[in-house]
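Input: a single structure, listed below in structure tokens.
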Protein chains: 2
Amino acid sequence: IDAMAADAARRRQDHLTKPRGSLGRLEELAIRLAGLQGTPNPTSDPVQILLFAADHGVAAEGVSAFPQAVTVQMVRNIAAGGAAIAVLAQALDARLEILDVGMATDPGPIPGVRPERIGPGTANLARAPAMTDAQLAAAMNTGRAAAERALDGGARLLICGEMGIGNTTPATALTCALLDQPAEVIVGPGTGLSPEGVAHKADIITRALALHASEGSTPTELLARLGGFEIAAMVGALITAAQRGLPILVDGFIVSAAALVAARLQPELRHWLLFSHQSAEPGHQQIIAALEGDPLLDLGMRLGEGSGAAVAVPLLRLACALHQQMATFAEAGVSEADGALD
Amino acid sequence: IDAMAADAARRRQDHLTKPRGSLGRLEELAIRLAGLQGTPNPTSDPVQILLFAADHGVAAEGVSAFPQAVTVQMVRNIAAGGAAIAVLAQALDARLEILDVGMATDPGPIPGVRPERIGPGTANLARAPAMTDAQLAAAMNTGRAAAERALDGGARLLICGEMGIGNTTPATALTCALLDQPAEVIVGPGTGLSPEGVAHKADIITRALALHASEGSTPTELLARLGGFEIAAMVGALITAAQRGLPILVDGFIVSAAALVAARLQPELRHWLLFSHQSAEPGHQQIIAALEGDPLLDLGMRLGEGSGAAVAVPLLRLACALHQQMATFAEAGVSEADGALD
């Protein structure tokens, strides 16, 4: 992180034609992006969205309101432009790469979807480790390579998104294990479970934690046993982004769980995370607190796909536009605040 | 308000390819705009920003951190594209009309500024009524005419903004009088007063309230005695917008004070107000509570000019894009939630 660039950006903000600090978090955003990008004139564009899709063996336990077939159906819908993240990417003129990192059945070629299949979904984490060490390495490498492609393409901001029926269960299990919290504290309704469904999901997660998590478990072990292919791929993508200086706009609960794992593997990664929104999924707040985040938006969203992060993109764009294009007091011939009262 | 259009929009939201309600307030926004615009396919564009500038006799009491000359300097800066609202309007491709409704001295022609001068600033409300009844009527008519122009130009969303050194003082005085609160509860630092400056401002407002406000005072009387030309013009613009079915995206403290006056004159106007953001100015919360608003953003902004409302425009745009462009479950061939768990 470039403290000199951030300082230069802060000095510029203090001379723009407005009361100091009156743009609030938009000023902070510009200054923070300046430090992350190493330039006093930061930009959020181009924005690269990486959408990782995978299935989860634990779906067999009835932990989702939707049947597993919805994962591939929604991937087709995203590729065809009909899903929320596809509409948002188009409206925002953001790049969208869709990766099949292991849906339950191989759908064959889908235009606009990159096949990077680690396996036919994970194993059922309530009964066995979700993936092998080799699968974990392959999933993380797939995410790393996707982030490298984004960087090679000139991306200045990364959004990770996900699609995977049942994936609030591995995300919750990982969050419980890493934050040392019982399932009841973190678990939520996901796409729309009834209270009975939520209680059942908590039982499944409690069973998985008893099976796979112990005090000495490393983040890597927990990710293999309790994770998902798309979550592991996102961990890889986030690590590469932070290592190579690409700021990350973090979506909701699933992506934040991946960010939590990534930050345990690379603690300095935390500084590259800009939290876009507070999800309605209850466990999200705990992850944000653990990572000392401060979400920009609180709109009651709980859709996933990277949609919450996409909705926050205009705030970064406007923060950068104001930072770059506003006149200074000197340029505009505007008097500054009276010293006596300032 | 068209309940059938809102119901049609709600039904559409319930069939889009996402868990019901998972877009949170973006769903509510689309449904609400549908009801206000009387169409199941609402849109936020074109956006019209009306920027009203005026000066305030009460500035002589030392109630602002900035000298009065800054009003005209900032109007020139807005017209030249260097001020926050000008940068935002350009970045958002929103229309911006700038009106001089009574700065302290006539600046002569400024390209891009419409001269609609009611007078050379208001009288000092700490010592006399801010304006005459004739001036009040003229200011309100100027705002009404501006809203009519916006409507004639096809605007689908209205933002009012203001520039006027010292104008948190009339806005605070009006808020105190209409909400029956003492100055100390509502007053804030405006553009950056010291704690001593805030206490002095509270004293000035208390004096003005004793002079001009009594139990039987009507909103119109209070607006003339305690208001400002730009505040009165905004009251007129807001009333016309609501009467003619143009949704209003409300900015921060000053515009909200105008909205409070307007809602006292036309109670049903409240339904046309979409509150864009929670300002850092402390009195703003009380106005929002009185008008039962629920701001979309809370970014610590306190700049005025309509800047907070402008920053929220992309949320409305994305809400409308999602509403119009997302596929339904049937269109996309996606399975709906399991009945047993839904």
Side-chain angles (χ1 to χ4, degrees), chain A residues 16-26 62 64-67 69-70 73-74 76-77 80-84 87-88 90-92 190-194 197 280 296-304 307 310-311 314-315 317-318 321-322 325-327 331-338 341-342, chain B residues 16-26 62 64-67 69-70 73-74 76-77 80-84 87-88 90-92 190-194 197 280 296-304 307 310-311 314-315 317-318 321-322 325-327 331-338 341-342:
Chain A
L16 297 178
T17 42
K18 57 180 171 54
R20 277 191 194 186
S22 63
L23 284 171
R25 296 196 64 191
L26 299 184
S64 175
F66 285 87
V70 167
Q73 291 168 355
M74 281 301 296
R76 291 185 193 280
N77 190 29
V87 171
L88 292 169
Q90 193 185 19
L92 294 165
T191 51
L193 286 177
S194 62
L296 291 164
L297 295 170
D298 186 358
L299 297 172
M301 294 177 70
R302 52 179 173 82
L303 175 60
S307 58
V311 171
L315 298 182
R317 283 189 177 157
L318 294 175
L322 289 161
Q325 296 166 35
M326 277 181 72
E331 285 164 358
V334 175
S335 310
E336 301 212 32
D338 292 340
L341 290 161
D342 196 19
Chain B
L16 297 178
T17 43
K18 59 179 171 55
R20 275 190 197 187
S22 63
L23 284 171
R25 296 196 64 190
L26 299 184
S64 174
F66 284 87
V70 166
Q73 292 167 356
M74 282 300 298
R76 291 185 191 278
N77 189 30
V87 171
L88 292 169
Q90 192 184 20
L92 295 165
T191 51
L193 286 177
S194 63
L296 292 164
L297 295 170
D298 186 359
L299 298 172
M301 295 176 71
R302 52 179 173 81
L303 175 60
S307 58
V311 170
L315 298 181
R317 284 189 178 156
L318 294 175
L322 290 161
Q325 297 166 33
M326 277 182 73
E331 285 164 357
V334 175
S335 311
E336 301 211 34
D338 293 339
L341 290 162
D342 193 21

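In what follows, every chain begins at residue 1, and chains take the letters A, B, ... in the order their sequences are listed.
- No part of A/A80 comes within reach of chain B, as not one of its non-hydrogen atoms sits under 4.5 angstrom from that chain.
- At a threshold of 4.5 Å between non-hydrogen side-chain atoms, the residues A/D298 and B/D298 do not count as touching.
- Heavy-atom pairs under 4.5 Å with chain A peak, among B/A332, B/A91, B/A84, at B/A84.
- A/V70 and B/S335 make their closest contact through CG2-O, 3.5 Å (heavy atoms, listed as atom of the first residue, atom of the second, distance).
- Contact record, A/L23 with B/M301: O-CG, 3.6 Å, taken as the closest heavy-atom pair.
- A search for side chain to side chain donor-acceptor pair (under 3.5 Å) contacts involving B/T17 returns A/N77, not counting sequence neighbours.
- Of the atoms belonging to A/A280, not a single heavy atom falls under 4.5 Å from chain B.
- When the side chain to side chain contact (heavy atoms under 4.5 Å, CB included) test is applied to B/P314, the partners found at least two apart in sequence or on another chain are A/P314, A/L318, B/L92.
- The residue among B/Q90, B/M326, B/Q325 with the most heavy atom pairs within less than 4.5 Å of chain A is B/M326.
- Between chain B and the options A/V311, A/V87, A/L16, the largest number of non-hydrogen pairs under 4.5 Å is found for A/V87.
- Contacts between B/E331 and chain A at a heavy-atom distance below 4.5 Å are absent for every atom of the residue.
- Only the side chain of A/L297 comes within less than 4.5 Å of a heavy atom in chain B; its backbone stays farther off.
- For the atom pair CG of B/L322 and CG of A/L88, the computed distance is 4.5 Å after rounding to the nearest 0.5 Å.
- Chain B forms more heavy-atom pairs under 4.5 Å with one residue of A/A327, A/P19, A/G300 than with any other, namely A/P19.
- Residues B/R302 and A/R20 come closest through the heavy atom pair NH2-O, 2.7 Å.
- Interface residue A/L315: only side-chain heavy atoms are found under 4.5 Å from chain B.
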